[in-house]
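The model shown is predicted, which means the values in this text are computed figures rather than measured ones.
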Amino acid sequence: QVQLVESGGGLVQAGDSVRLSCAASGRTFSRYPMAWFRQGPGKEREFVAGINWSGDSTYYADLVKGRFTISRDNAKNTVYLQMNSLKPEDTAVYYCAAGSNTYYTRSPSGYAYWGQGTQVTVSS
């Protein structure tokens, strides 16, 4: 079993930066690929970014590439999502996920473990 808890969301203005964190517990964390997903109002959950177990390989959705950065600190059992140049269309509940076979799995069904999510609202 793996438990994931996201934090760091809130209400920000367009152009601002926010760093989300996801703390993991329950099972070995360092060997799991990790990912961030988001789900906006009336939209399906979509892949944002993924990272391999060692943190040296990353994969990003086209819409966030160049603005968002995923990273991890295995010693702290934590994965991060640094979000820069935020846009109103980034408004969503952001979820971290674990348990996929690869760090570039884009489908939510490919992940076994999920956090409860943290809300990020970007005003124009």
Evaluate side-chain contact (heavy atoms from CB on, under 4.5 Å) for Val120 paired with Met83, printing each intermediate quantity in order. CA-CA 10 Å; Val120 176; Met83 304 188 295; 3.9 Å; yes
Does Glu89 form a side-chain contact (heavy atoms from CB on, under 4.5 Å) with Val122? I'd like the steps, not just the answer. CA-CA 8 Å; Glu89 52 262 44; Val122 184; over 6 Å; no
Which is it for Gln82 and Phe68 under the side-chain contact (heavy atoms from CB on, under 4.5 Å) test, yes or no, and what are the steps along the way? CA-CA 5 Å; Gln82 178 68 43; Phe68 292 8; over 6 Å; no
Please test Trp53 against Met34 for side-chain contact (heavy atoms from CB on, under 4.5 Å), starting from the C-alpha separation and ending with a verdict. CA-CA 7 Å; Trp53 66 269; Met34 299 287 293; over 6 Å; no
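Tyr59 and Trp36 are assigned to two separate hydrophobic clusters, defined by single-linkage of ILVMFWY side chains at heavy-atom distances under 4.5 Å. In this structure, Leu20 is a member of the same hydrophobic cluster as Val12, with clusters built from ILVMFWY side-chain heavy atoms closer than 4.5 Å. Leu81 and Tyr95 fall into different hydrophobic clusters, where Ile, Leu, Val, Met, Phe, Trp and Tyr residues are linked whenever their side-chain heavy atoms come under 4.5 Å apart, directly or through other members.
The backbone N or O of Tyr32 sits nowhere less than 3.5 Å from a side-chain atom of Tyr103 that would complete a donor-acceptor pair. Distance alone, capped at 3.5 Å, places no donor-acceptor pair between the Ser71 side chain and the Val79 backbone. In this structure a side-chain-to-backbone donor-acceptor pair under 3.5 Å is present from Arg72 to Asn52.
Side chains of Ser21 and Ser7: a donor-acceptor N/O pair is present below 3.5 angstrom, by distance only. A donor atom on one side chain and an acceptor atom on the other are not found under 3.5 Å apart for Thr78 and Asp73. For the residue pair Arg38/Tyr94, the side-chain donor-acceptor check at 3.5 Å is satisfied. Counting only N and O atoms by type, the side chains of Gln119 and Thr121 include a donor and acceptor under 3.5 Å apart. Between the side chains of Ser100 and Thr102, not a single donor N or O lies within less than 3.5 Å of an accepting N or O. In this model, no donor atom of one side chain and acceptor atom of the other lie less than 3.5 Å apart for Tyr60 and Arg67.
Minimum heavy-atom separation, Glu6 to Gly117: OE1-N, 2.7 Å. The two residues Ala35 and Ile70 have their closest heavy-atom pair at CA-CD1, 4.3 Å. For the residue pair Pro88 and Ser124, the shortest heavy atom distance occurs at CG-CB, 3.9 Å.
For Asp62 and Lys65, the salt-bridge test passes: some basic side-chain N is under 4.0 Å from an acidic carboxylate O.
In this structure the side chain of Thr118 never reaches within 4.5 angstrom of the side chain of Val93, judged on heavy atoms.
We find the SG-OH distance between Cys22 and Tyr80 to be 10.5 Å, quoted to the nearest 0.5 Å. Rounded to the nearest 0.5 angstrom, Asp16 CG and Asn84 CG are separated by 10.0 Å. The line from OG1 of Thr91 to NZ of Lys43 is 10.0 Å long, rounded to the nearest 0.5 Å. Note that CD1 of Ile51 and OG of Ser57 are 8.5 Å apart. Values are rounded to the nearest 0.5 Å.
For the pair Arg45 and Trp114, the distance from NZ or CZ to the six-membered ring centre is under 6.0 Å and the angle to the ring normal is within 45 degrees.
Counting heavy-atom neighbours within 6.0 Å of Asp56 CG, excluding the residue itself, gives a total above 12.
Ring centroids of Phe47 and Tyr104 are separated by 6.0 Å or more, keeping the two rings apart.
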